[in-house]
Amino acid sequence: MKKKIVAIYGSPRKDGNTAQLMDRFLQGVHQNRYVQGTDIDRIMVAEKKISPCRGCRSCTKTGECIIDDPMQQIYTQLLDADFIAVATPIFFTTVSGYLKALIDRCQRLWSLKYEHKKKIVTKERSGILLSCAGSGNPKIFDCARMVMRSFFDVLYVGYDGDYVFNQVDEKKDIEKKTGALESVFDFGRSRHFANLLP
Ligand SMILES: Cc1cc2nc3c(=O)[nH]c(=O)nc-3n(C[C@H](O)[C@H](O)[C@H](O)COP(=O)(O)O)c2cc1C
């Protein structure tokens, strides 16, 4: 059966640095000779109009989110995924607001897991973070990493690691970063990636 890869594009900038990283990773996946076939679900968060979490705690009572928006379909995509790749620029030391809205709405899944004690995912799966930041501060990705770990934890997704690049600011700067695009391509094409799939 084909493996489902969910690719979350977190930047509002079309064809920006993080989108280039994701595209190159997916090209690697496409060429991976150890994987039989893949279905790739691309989620462009800036096009989705995902409402922020209202903190109403309805999910605590019912296990459902009362907000009727694209997140209802995204829950299913996240739960069905065999691998989740998240690409985000660093905005004010963390993930983009668009992506944070999606993550906060996973409070419903947190509630199912920890309050309702429901096993919402049965397969072992993994995920990665791809990110770029303008500054040269090596700690600039720390906060995004923590956010991503808690997002993946709720989804029963193992954090396989990240590919993060700083001093990448203008569009296409990532192309000037030696080895950056190659590294994500090589990961997508690797046996290691294939072994991560359930
Ligand atoms: C609203 C906004 C906030 C940003 N905040 C930071 C920041 O806190 N630290 C940093 O290093 N870069 C920051 N940047 C720079 C972006 O992380 C950088 O330009 C990145 O390459 C953009 O990726 P993209 O092309 O995928 O959107 C910010 C950019 C914007 C537009």
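Numbering of ligands and ligand atoms starts at 1, following listing order.
Separation of the Tyr98 and Phe91 ring centroids does not fall under the 6.0 Å cut-off.
Of the charged side-chain nitrogens involved, none lies within less than 4.0 Å of a carboxylate oxygen, so that Lys49 and Asp69 do not count as a salt-bridged pair. A salt bridge links Lys100 and Asp104; the closest N-O separation between the charged side-chain nitrogens and carboxylate oxygens is under 4.0 Å.
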Between ligand 1 and the protein, which N/O pairs fall short of 3.5 Å?
residue, atom, partner, partner atom, Å
ligand 1, 5 (N), Ile90, O, 3.4
ligand 1, 5 (N), Phe92, N, 2.9
ligand 1, 8 (O), Phe92, N, 3.1
ligand 1, 8 (O), Thr93, N, 2.9
ligand 1, 11 (O), Gly134, N, 3.2
ligand 1, 11 (O), Ser135, N, 2.8
ligand 1, 11 (O), Ser135, OG, 3.3
ligand 1, 12 (N), Gly134, N, 3.1
ligand 1, 14 (N), Ile90, O, 3.2
ligand 1, 17 (O), Ile90, N, 3.4
ligand 1, 17 (O), Ile90, O, 2.7
ligand 1, 17 (O), Cys132, O, 3.4
ligand 1, 19 (O), Asp169, O, 3.0
ligand 1, 19 (O), Asp169, OD1, 2.5
ligand 1, 21 (O), Asn17, ND2, 3.0
ligand 1, 21 (O), Val168, O, 2.7
ligand 1, 25 (O), Arg13, NE, 2.9
ligand 1, 25 (O), Arg13, NH2, 2.9
ligand 1, 25 (O), Asn17, N, 2.9
ligand 1, 26 (O), Asn17, N, 3.4
ligand 1, 26 (O), Thr18, N, 2.9
ligand 1, 26 (O), Thr18, OG1, 2.5
ligand 1, 27 (O), Ser11, OG, 2.6

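Residue pairs meeting the salt bridge (charged side-chain N to carboxylate O under 4.0 Å, His left out) criterion with at least one partner in residues 156-165, sequence neighbours excluded, are Arg145-Asp162. Listed by first and then second residue, the salt bridge (charged side-chain N to carboxylate O under 4.0 Å, His left out) pairs involving residues 11-26 are Lys14-Glu47 (not counting sequence neighbours).
Evaluation of the side-chain hydrogen bond (donor to acceptor under 3.5 Å, both in side chains) rule for Thr60 yields Glu115 as partners, not counting sequence neighbours.
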